[in-house]
Amino acid sequence: MLHGKYKKILLASSLMCIANTSLADVANGDFENWVNGSPESWSTIDSGISVSQNSSIVNSGSLAAQVTVNTGSQSNTDLQQQVAVEAGQTYFFSTWVYHTEGGIKARLVIDGYQNYSNATLTQQWQQISYSYTASSTKNINVGLRFYDVSGFDGSEVVYIDNFLPASGSTTPPPPPPTGGCDDYSVALALKTDNYGGETSWQITNSSGATSASGNGYASNTQYIETACLTAGDYTFTILDSYGDGICCNYGNGNYVLTYGQQTLASGGSFQSNEATPFSIGSGSGGGGTTPPDLTGYYASAQGLTGFALKSALHNIVKSHSSQGYSAIWNFYDAHSRDTYFENDNSILDMYSENPTGADSYNYVAVSDQCGSYNSEADCYNREHSFPKSWFGGKVEPMNSDIHHIFATDGYVNAKRNSYPFGEVASASYTSSNGSKLGNAASSINYSGTVFEPIDEFKGDFARAYFYMATRYENVISGWQTKSSYGNAVLDGSSDQVFENWVVTMLKRWHTNDPVSQLELDRNQAAHDFQGNRNPFVDHPEFVDMIW
């Protein structure tokens, strides 16, 4: 039994284990110490920002950093320090950000540039985090970079506080148990309030059985605990026995549950409990019609089914912040790398990726983007999986909505053209990974030319289409007559949206190719990029509940 600040997570099943997680120290992470008007241990890069102490808008302690961004040149807007890390150790970094106008977003610096804050969430604290595994023993840069977005007027104030893990806030982590974790390891970063003994949590599986749990915490203490889960659907629930949550009346507690770089649940301000569903690995893949227990982002859709659910989801995701078509290249550079198949960091091209062997060719990020092309393997492009001609051309926000625009080979993209997705009977063209163009198979009840991606990505594309039907519910009924191929797919309605043959095929693709970690990670990155999510990646069961 461990004592002091850290304890073992109570074993509730054989799926549970503790990881050997070592913590780096971020000096003055709470911004309480200042020397000559500057935060001790922190450095600003050039003159793009100025930093001063603030006592009125604070996340924890008595002071926060008030950052005034006065340039649009991001190379001049870093606030950083160096911390020491050890090879093979995993470190969980997080900080809290408070936006005032919404013209600036913050990005974590953790040995490179990582996750973004959501600039549209103003006048409130939000947490951004990143789980980092050190490749070698070294010093790394840790901090924030500030980016201007649409609406930036040349100067804006952002508040920063509680950068963790803070120096002196932790003790050595617990040792790993015998056996290790061979499945999916999720990490819970928990900071308790003034009454830590009131806080407990649990992770339950789809059958309601407890897979992991924790309680008995000290007050005002930072914990890092991890659970080993198999693929499936889960619910994370945090509880407060007094009924006042862990923030913000009696201390400034908070929690964030992550898998790799993806945030599964986070918060701190609740009453008796807060429950957040999530999926690991394949998840439910679309089976089941029981309404889930929805909180947080999807709370307003609680208890709904059918097209009423779809309309509620539309209202949740409709107000994303368009970043523009050119910004997609930067998104691909940061978030469309192959860390799932060959793990070689090349651009993950869904029209050439071979998921079971070596790719025929690889694309280097940025330098291999199109450009002109004469054949496959010349360059990668921005593929509107839902063709732009179907909604009238280069019309925003559809034209730059990252949820349906994927990195693909330029030549194969051109071959696909604006043909509907479908299942091919006889191919007139086949790409290097087996994606096909040709006559539709009679089994899908459509006669015409279709493009068929490989099985590995069919579910990805299907969920992108369900997203488009939901995000643009208010206008999509008018798209049917904008192109002949769009007319073959769209039924002219705002509820079902697609022709019957399309719904049947997409649901089959959705079921046969469940949500992958690639999709989960991309969905989070898209949220960080433009401020909305694909509900059908977060909740695959929504597909059967609506269609």
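Only heavy atoms go into these numbers, but all of them, side chains included; no hydrogens, no water, no symmetry mates.
Centroid-to-centroid, the aromatic rings of Trp42 and Phe163 come within less than 6.0 Å. Between Tyr255 and Phe236, the ring centre distance stays below 6.0 Å. Two rings, from Tyr217 and Tyr223, have their centers less than 6.0 Å apart.
The residues Asp460 and Arg522 are annotated as not salt-bridged, no charged nitrogen and carboxylate oxygen being separated by less than 4.0 angstrom.
Side-chain atoms of Gln530 come within 3.5 Å of backbone N or O of Ile402 as a donor-acceptor pair. Between the side chain of Ser55 and the main chain of Ser62, no donor-acceptor pair closer than 3.5 Å is present. Under a 3.5 Å cut-off, the side chain of His335 and the backbone N or O of Ala526 do not form any donor-acceptor pair. Between the side chain of Ser219 and the backbone N or O of Asn194 there is at least one donor-acceptor pair closer than 3.5 Å. Side-chain atoms of Gln123 come within 3.5 Å of backbone atoms of Thr100 as a donor-acceptor pair (strictly under, hydrogens ignored). Proximity of a side-chain donor or acceptor of Thr226 to a complementary backbone N or O of Leu188 within less than 3.5 Å is not detected. Judged by distance alone, the side chain of Gln82 and the main-chain N or O of Asn139 form no donor-acceptor pair under 3.5 Å. Proximity of a side-chain donor or acceptor of Asn534 to a complementary backbone N or O of Arg463 within less than 3.5 Å is detected. No donor-acceptor distance shorter than 3.5 angstrom exists from the side chain of Asp25 to the backbone of Ala27, with no hydrogens or angles considered. Without hydrogens or angle criteria, Ser322 side chain to Pro397 main chain gives no donor-acceptor distance under 3.5 Å.
Side chains of Tyr467 and Asp401: a donor-acceptor N/O pair is present below 3.5 angstrom, by distance only. Side chains of Ser346 and Asp344: a donor-acceptor N/O pair is present below 3.5 angstrom, by distance only. The closest side-chain donor-acceptor pair between Asp538 and Tyr297, if any, does not fall under 3.5 angstrom. Side-chain N/O atoms of Asn36 and Ser38 include no donor and acceptor closer than 3.5 Å. When only modelled atom types and interatomic distance are considered, His320 and Arg471 share a side-chain donor-acceptor pair under 3.5 Å. A donor atom on one side chain and an acceptor atom on the other are found under 3.5 Å apart for Gln524 and Asp528. Inspection of the Gln323 and Ser321 side chains reveals an N or O donor paired with an N or O acceptor under 3.5 Å. Side-chain atoms of Gln81 and Ser41 form no donor-acceptor pair, as typed in the model, at a separation below 3.5 Å. For the 3.5 Å distance criterion, the side chains of Asp244 and Gln271 fail to qualify, holding no donor opposite an acceptor.
With rounding to the nearest 0.5 angstrom, the CZ atom of Phe152 is 13.5 Å from the NZ atom of Lys105. With rounding to the nearest 0.5 angstrom, the CZ atom of Phe457 is 5.5 Å from the CG atom of Leu348. Taking CG of Asp338 as the start and CD1 of Ile347 as the end, the distance is 10.0 Å to the nearest 0.5 Å. One distance of note links CG of Asn532 with NZ of Lys318; it measures 12.5 Å at 0.5 Å rounding. Distance OG/Ser60 to CG/Asn162: 3.5 Å, rounded to 0.5 Å. Here the OG-CD distance, from Ser211 to Gln202, works out to 10.0 Å after rounding to the nearest 0.5 Å.
Here the closest non-hydrogen pair linking Asp349 and Tyr363 is OD2-CE1, 3.9 Å. Minimum interatomic distance between Ala334 and Arg107 (heavy atoms only, all atoms of both residues): CB-NH2, 3.6 Å.
Thr122 is not listed as a side-chain neighbour of Glu101, based on a closest heavy-atom distance of 4.5 Å or more. Contact of the Asn28 side chain with the Asp30 side chain is registered, since non-hydrogen atoms from C-beta on lie closer than 4.5 Å. In this structure, Thr44 and Asp78 have side chains that are not in contact, with every pair of non-hydrogen atoms separated by 4.5 Å or more. Proximity of Tyr91 to Ile110: side-chain heavy atoms (C-beta onward) are nowhere separated by under 4.5 Å. Proximity of Phe331 to Ser336: side-chain heavy atoms (C-beta onward) are separated by under 4.5 Å at one or more points. Looking at Asp111 and Phe93, their side chains never come closer than 4.5 Å, going by heavy atoms from C-beta outward. Side chains of Val537 and Leu520 form a contact here, defined as non-hydrogen atoms less than 4.5 Å apart. Using a 4.5 Å heavy-atom cutoff, the side chains of Phe31 and Val58 are not in contact.
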Could you walk me through whether Trp34 and Leu63 pass side chain to side chain contact (heavy atoms under 4.5 Å, CB included), step by step? CA-CA 10 Å; Trp34 294 76; Leu63 296 174; 3.8 Å; yes

Side chain to side chain contact (heavy atoms under 4.5 Å, CB included) evaluation trace for Leu164 with Phe92: CA-CA 8 Å; Leu164 296 174; Phe92 182 85; over 6 Å; no

Quick one: do Ser279 and Asp233 satisfy side chain to side chain donor-acceptor pair (under 3.5 Å)? Show the steps, please. CA-CA 4 Å; Ser279 297; Asp233 299 319; 2.6 Å; yes

Under the side chain to side chain contact (heavy atoms under 4.5 Å, CB included) rule, what do Thr276 and Leu264 come out as? Steps first, then yes or no, please. CA-CA 8 Å; Thr276 305; Leu264 304 174; over 6 Å; no

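For Tyr325, the OH atom is densely surrounded, since the number of other residues' heavy atoms within 6.0 Å is greater than 12. Environment of CZ in Phe341: crowded, with over 12 heavy atoms of neighbouring residues, nucleotides or ligands closer than 6.0 Å.
By the 30° and 60° cut-offs, the orientation of the rings of Tyr332 relative to Trp329 is perpendicular.
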